[in-house]
Amino acid sequence: MRSLPAAKHAVALLLAALLLALAALPASAVEPIKISPDDVALDLSRAVEIHRDQGENFQISTAPGADGIVRRIEVEAQDERSTGDWAVFALANTTDEQLDRLIVAPHFRLVDSGLIWPDLGSQRISAITPSEGFALDRQESGDADEFLVTLNPGTVVTFVAELSSRNLPQVYLWDPAAYKETVNSYTLFRGIVIGIAGLLALFLTILFVVKGTSMFPATAALAWAILAYISIDFGFLTRLVDISPGSEQLWRAGSEIALAATLVVFLFAYLNLNRWHERFSYGMLAWILGLVIIAGVAWIDPAMAAGIARISFAATAVVGLGLIVYLGLQGYDRAIMLVPSWLMVLVWLVGAWMAVTGRLDNDIAQPAIGGGLILIVLLIGFTVMQHAFAGGALFQGLFSDMERQALAITGSGDVVWDWDVLRDRVVTKPDISRQLGLPEASLNGPARSWLPLLHADDRDTFRTTMDVVLENRRGRIAQSFRLRGADGHYHWFTLRARPVIGSDGEVIRCVGTMVDVTEQKKAEERLLHDAVHDNLTGLPNRELFINRLDATIAMAGSEHNIRPTVFVIDIDRFKQVNDELGISAGDTILLTIARRLHRLLKPGDALSRVAGDQFAMMLLSEQEPARIASVADAVRQAIRSPVTFARREIVLTPSIGLVSWTSAQNAAEEMLKDAELAMYQAKRFGGDRIEPFRPAFRSIGTDRLQMESDLRRAVERKELSLVYQPIVRLEDSSIAGFEALLRWEHPRRGAIPPADFIPIAESCELIVPLGLFAMSQAAEDLYAWQKQLGDLPLFMSVNLSSRQLIRRDLVGDVRSIIARSNIKPRCFRLELTESLVMDNPEQSAHVLGKLKKLGIGLSLDDFGTGYSSLAYLTRFPFDTIKIDKSFVDDPSSKGDVLLKSMITMAHELGLSVVAEGVSEKRDLKALRQVGCEYAQSFHFGPPADAEASLRLLMEQYPGPVAG
């Protein structure tokens, strides 16, 4: 029974011993840092234990003392700004001498400060309490928290630091003498850097006062922003301004915002981004306004504002790099010259990023980055120095109004165009705005104000031309562009100007003249349009269709979704409609059919008139055979629908040939010919049908190919010849001249009618050598007759084809033929059909005018059969018209009135008249009575060869004339 109390007592003793042992364990105590006299500077940052949210009273176990005992101390907060966070570390002096050291915690450390919501610095430690002795003495310093500590020999002291902020980025233990020496060395470096920055800012400000252009104040503002940032970073500002505790973050955030904003302004002003695009100005203003708003946010949350400013600085550097590369590739000198400075900005940006993210962790990083800003502003200052002595400001008033007029006379223009480059102001005298119907002086302003009125296709050219002149500092401006008037129509102007160079070699002005060339451009556009479009329907002609088909075939080779199908559409019995109803009815029908076919087109499809009554269609919108067949049937039904003309319904049918593209087809001409072969096969089957192309059709067309081949050698083999149909004077029935007609006597096929081989010659471009043969032979035969019979009052008419009319060499060929044959130019005439002339009236008028200057005669054949004869007759230099036989054979009274009116009108215009197709004597008498001079028909004899025609002339003009 007595053993129970004794056992309880033993257990109690055991528990007490266990508690004492656990309290003595070093694992839960602070690990002391051993120091020696040789330690100049120790980084305590990783040895410090941070205890968060412990309140105003904090208890902690000390590091084991020299006796190995762990004690527990309690510390009470002494600063009302205390955050409840505490830092604990221990120092051990293992030497036998007393050591004095400084505990230093810098207020701001750029390294590892962070990119977003960065640590902008503040007082870090309010007080430090040692585990033995009194609280440490704070040393006077505006850049760091400094506490002097004295460690006795062989002591281990635990220090509890009361934190004033949540962050404690760095704690160092310094030897006081070494620390003072280091501070002094950094003070010298910082002073030099701040001095250079101040001098640069002052110098650039003076430069801004001397030069008023925007580039210099922007550079000066950047220099002052860098000076402000460095002054705050190096602690210089605290010596000039009394900064209250807790406001350091606001000042630092403000300097970073100013640095980001001035960099944006400098980039915009230096590259002169507002020259052509107002949206750059708006973007820059929005960017700056955003930074101003962020500056207001800095009063509430400086860390967030500084983070946004750092991101803005990086974004400006990246965007600026893109702009510099783009403008540099365009040859913009300013962009090229800014490359070294901007590379330095990018290098500095990378270094700063490595520092704030902790990747670059040393004490030299922060001063080096501050010094890097000075290098950047130095480079930028050197870059803008070349513009410092520009003479532009001295020359802004160089020209008076009278001198502008003198320059206008020199430039031989009618509107003076004056661009003051330095002020970016364009002036036109007289004001071009009035001519465009715009408000007065609406175009007198920045050059970019012209861009909205310029045609979209001319804006880039206009802008580039101006930039090239400014950057190259030489050359002349010679450019045509379109300006939109108040009514929405565009006016063409030609600008001719020259740059005026200042004393520094920079362009300070561009002066020249503007000329309105709208009418000239419209005439050129009409000529170009008529050259590749059908005059009747306005559709593209054969050449333009083949050109487009060639481009489509080229794309089809590389893109699988492009598979063109070509339709060739011929109107059956269309010639019969022309013969029965007249050419005007045929033109109306062609216009109607063209409109119907055009309504069937979808995006990507194309329609063309390739011949008189033939159309070609390129189908891209459909790829499936069934859909293609459906489109072909729709084309057939569109043409079969009745056409109403003169209260009559005319029903026509088409012959349609089609061919779809395959990889074996490489040429548009080949594909079009295959479709034509399919169309001809449809005609052979009676017309009014759709015929897809099959390779067997090529053998059917061998006759045509053989005829083409034979025709090429016909001239060499002397198979071609001329026959002459007489043209008589109605006054005395004497022969006044002949019309030369081409004949082909094939060695195997015999005589081939012109209606069969002339179309082949036109399609394979043989018509030009055939026409030259006809003109040369006719001129030689006429000379032979005149040489044998004497100087007879004869003329020779030769028909001209469309291919010959559009040739540039036609005038030279005619001049050469007249010279070689030794005939008088007035004895030689060229005949053109009215439809040929109207295919391209502008080109025809130009060529006929040159032919008329040679002295030859010009005759208009088939007069009265076209729809626009009277409107264009006065524009062409014809001296003879040939009235179609349909007017001569008309027995009605209306026909007589019309015939008489045509002859009377011709005489009033100074033209002679030839009536064709006269078959009865009463018609001759009627024509003689109304004043018709000549007649031509089989009534006076069929066309005959040169010998027969000579005999006819010898019968009419006997021997005395020949003698």
Side-chain angles (χ1 to χ4, degrees), residues 519-520 522-528 530-531 535 722 727 736-740 767-783 785-786 791-863 866 868-883 905-914 933-934:
E519 293 302 322
Q520 176 184 341
K522 287 181 178 179
E524 292 176 1
E525 290 173 359
R526 282 195 300 269
L527 284 172
L528 181 61
D530 292 344
N535 187 63
L722 292 180
I727 301 173
F738 292 88
E739 180 181 357
I767 194 66
V768 174
L770 293 186
L772 288 175
F773 165 76
M775 288 191 291
S776 299
Q777 188 63 47
E780 291 174 2
D781 288 343
L782 178 60
Y783 174 72
W785 298 340
Q786 290 179 337
D791 190 10
L792 296 178
L794 288 175
F795 60 83
M796 179 66 72
S797 293
V798 182
N799 290 293
L800 199 65
S801 69
S802 58
R803 295 276 185 181
Q804 290 175 282
L805 183 61
I806 63 175
R807 288 181 70 246
R808 297 182 178 178
D809 299 335
L810 175 62
V811 178
D813 291 340
V814 174
R815 183 188 293 111
S816 177
I817 289 171
I818 293 174
R820 287 200 309 268
S821 60
N822 203 24
I823 63 173
K824 296 180 180 179
R826 59 181 173 81
C827 299
F828 192 77
R829 292 187 180 182
L830 292 178
E831 287 192 12
L832 299 87
T833 61
E834 184 174 0
S835 59
L836 171 61
V837 174
M838 297 312 300
D839 278 344
N840 195 334
E842 300 290 344
Q843 177 72 8
S844 299
H846 178 71
V847 175
L848 293 179
K850 290 188 175 182
L851 289 172
K852 190 63 178 178
K853 291 180 180 179
L854 297 179
I856 68 171
L858 296 174
S859 180
L860 180 63
D861 201 1
D862 298 335
F863 177 74
S868 58
S869 304
L870 301 180
Y872 281 88
L873 186 59
T874 56
R875 295 187 56 185
F876 303 111
F878 291 109
D879 45 33
T880 303
I881 62 172
K882 299 181 75 172
I883 299 176
M905 180 194 65
H907 290 163
E908 290 179 354
L909 294 175
L911 306 176
S912 58
V913 181
V914 178
E933 291 91 342
Y934 307 101

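The first residue in the sequence is number 1, and the count goes up from there.
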Find the distance between CG (Leu830) and CG (Leu810) and round it off to the nearest 0.5 Å.
7.0 Å
Looking at Lys852, I want to see if its NZ is surrounded by more than 12 non-hydrogen atoms of other residues, nucleotides or ligands under 6.0 Å.
yes
I'd like to check Leu909 versus Ile881 (side-chain heavy atoms, cut-off strictly below 4.5 Å). Are they in contact?
no
Between atom CG of Leu772 and atom CD1 of Ile767, what is the distance when rounded to the nearest 0.5 Å?
10.5 Å
Looking at every heavy atom in both Met775 and Ile817, which two are closest together, and how far apart are they?
CB-CD1, 3.6 Å
Closest non-hydrogen atoms of Phe828 and Ile856, given as atom of the first, atom of the second and distance, are O-CB, 3.3 Å
Nearest heavy-atom pair of Leu782 and Ile823: which atoms, and what distance?
CD2-CD1, 4.3 Å
side-chain contact (heavy atoms from CB on, under 4.5 Å), paired with Ser859, selected from Thr880, Leu911, Val914
Thr880
Given side chains that start at C-beta, do those of Pro877 and Lys853 come closer than 4.5 Å, heavy atoms only?
no
Does some side-chain heavy atom of Lys882 sit less than 4.5 Å from a side-chain heavy atom of Ser797?
no
Mind running side-chain contact (heavy atoms from CB on, under 4.5 Å) on Val768 and Asp809 for me, showing each step along the way?
CA-CA 11 Å; Val768 174; Asp809 299 335; over 6 Å; no
Output yes when a side-chain donor or acceptor of Glu780 lies under 3.5 Å from a complementary backbone atom of Ser821, and no otherwise.
no
Looking only at heavy atoms, which two atoms of Gln777 and Leu722 are closest? And how far apart?
CB-CD1, 3.5 Å
Nearest non-hydrogen partners of Val913 and Glu933, listed with the distance:
N-OE1, 3.0 Å
Once rounded to the nearest 0.5 Å, what's the spacing between atom CG of Leu848 and atom CG of Leu800?
8.5 Å
Do Pro825 and Leu854 make a side-chain contact, defined as non-hydrogen atoms from C-beta onward lying under 4.5 Å apart?
no
Within this structure, what is the CG-CG distance for the pair Leu860 and Asp879, rounded to the nearest 0.5 Å?
10.5 Å
Does Phe738 have any ring pair (Phe, Tyr, Trp, His ring centres under 6.0 Å) partners at least two apart in sequence or in another chain, and if so, which?
Trp785
Note: Val798 and Ala740 closest approach over all heavy atoms is CG2-CB, 4.3 Å
